[in-house]
There are 2 protein chains.
Amino acid sequence: MPKLLVIDDDLDMLALVRTALEKEGYQVDTEANAASLQPARCRLYDLLLLDVMMPGEDGFSFCRRIRTEVDCPILFLTAKAEDSALVQGFGLGADDYIKKPFSIAELRARVSAHLRREVRQPTHILRRGNVRFDIQAKTAYAGEHTLPFTKGEYAICEHLALHAGQVFTKEQLYEAVFGFDAEGDPSAVAEHIKNIRAKLKAHGICPIDTIWGVGYKWQKSEDL
Amino acid sequence: MPKLLVIDDDLDMLALVRTALEKEGYQVDTEANAASLQPARCRLYDLLLLDVMMPGEDGFSFCRRIRTEVDCPILFLTAKAEDSALVQGFGLGADDYIKKPFSIAELRARVSAHLRREVRQPTHILRRGNVRFDIQAKTAYAGEHTLPFTKGEYAICEHLALHAGQVFTKEQLYEAVFGFDAEGDPSAVAEHIKNIRAKLKAHGICPIDTIWGVGYKWQKSEDL
DNA sequence: GTTAATTTTAAGGATTTTATAAGGAAGAAG
DNA sequence: CTTCTTCCTTATAAAATCCTTAAAATTAAC
């Protein structure tokens, strides 16, 4: 279920867009003010919809500010119909420019097209609820905050999340993470699990279940 | 130099579009008839521009026929302004739908945006917070001051900044910078990192993180 | 309710990895 | 030839992680 962020100062417009896109099955968040939004927040989403003319920071300025740090498609949604504005928008790194008034059908079709193209590209982001793993960067995030995992903690945590719902014994976890031959004391894994849980709990989430007498598993969403 | 294919039965339109896009530096081929075009031919191009209403095979039919075999962006360029046609176009896997009459500026902007996303081409100037890299001049700046990097230091630093957020081992960094066969002592890289950090710290910035047990990475903004 | 097994927690030391500093080799510039 | 810069190596100090151990808490079984 892709996550979208819509930024517009017009609350009616926000409600309209949100309704239309939620009907498509997307998870939609809205913001009325761009100025306070940091790139880290935007990176939580799969696509951004931006109004251009807003009090405070306008859409162009916002796009310029975050573009180098945010990879997802950025779509302008605006009443500025002049070519110069459109060219400026694309020049700032936008992926589409939809002129108001637009039809709901067009909005949905364009959003869908951009998301479709994203998934065509190999992704290195694993999302499990509020926790995201950047496989390449070997970094985990809780919301917009980086989780300060050590190497071993990250490896164990990623392995559990990647195979969500599957139970692993301590020995299996140790082998999966540090290699076959590795002979790990099971209690070493327990120590790592403890630290992982502590760092996750700091953000109010505890997605790792203990299966008594067996091992650990990452919760599947239906277990919540 | 990206290669584009434009398909339209209107020869004046073909000439207009070709001229506009060749001015951008693209290599443009044109076809007046879609029916004879095979997917293999289309795979030669980086982007397709398609008219919808054509004698013989129309644009929608053509798109449906080749989409599963052709990965590049497909843009419709059409006088059919109805929402239903637009939705149908996107539904067939198109990436954009430009309504006639369109401005040359808009055409260029949209084509450029789609190619940019495909290739994700970096610009000559890379900005990461307060640090800027001039890729061509191989020079880095902190604010207005030039950073006195040596050649090797610059190469390592640029590589980290270019892939901000991604972790590289010392070996990977050495290879990326000095070539595949290079067998570098990891500690040589550590020495360079030390010097790079010292020069950045002189301007009050320290954007390179150590990922213990893995390597180094350029911070993404959320890590600050 | 009691017991036994298992997990959680906490603390310490061992190990691994990185940071720092100093010295030398190779090459460019004067 | 000398001088300088850059790069690499080596050695040592510092830091962080990992593992071990043991006690406390929890869970399951009787």
Among pairs that include at least one residue of residues 26-38 of chain A, which meet salt bridge (Lys or Arg N to Asp or Glu O under 4.0 Å), considering only residues two or more places apart or in two chains? A:Glu31-A:Arg41
By salt bridge (Lys or Arg N to Asp or Glu O under 4.0 Å), which residues pair with B:Lys194, not counting sequence neighbours? B:Glu191
Is B:Thr150 near enough to D:dC7 that one of its side-chain N or O atoms lies under 4.0 angstrom from OP1 or OP2? yes
Which nucleotides of nucleotides 11-23 of chain C have their base under 4.0 Å from a protein heavy atom (B), which only their sugar-phosphate (S), and which neither (-), written as one string 5' to 3'? B----BBSSSBB-
According to salt bridge (Lys or Arg N to Asp or Glu O under 4.0 Å), does anything in residues 51-65 of chain A pair up with another residue at least two apart or in another chain? List the pairs. A:Asp51-A:Lys100, A:Glu57-A:Arg65
Of B:Phe149 and B:Val189, the one whose closest DNA chain D nucleotide lies more 5': B:Phe149
Round to a whole Å and report the spacing from OH of B:Tyr174 to C1' of D:dC8. 8 Å
Is the distance between the ring centroids of B:Phe133 and B:Tyr141 under 6.0 Å? no
Report the distance from atom OH of B:Tyr154 to atom P of D:dT6, rounded to the nearest whole Å. 16 Å
By salt bridge (Lys or Arg N to Asp or Glu O under 4.0 Å), B:Arg197 pairs with (sequence neighbours left out) none
Tell me every residue that passes salt bridge (Lys or Arg N to Asp or Glu O under 4.0 Å) with A:Asp134, counting only those two or more places apart in sequence or in another chain. none
Here the distance between atom P of D:dC8 and atom CG of B:Asn195, to the nearest Å, is 12 Å
May I have the distance from A:Glu153 (atom CD) to D:dC19 (atom P), rounded to whole angstrom? 11 Å
Counting just side-chain N and O atoms, does B:His192 come under 4.0 Å of either OP1 or OP2 of D:dT6? no
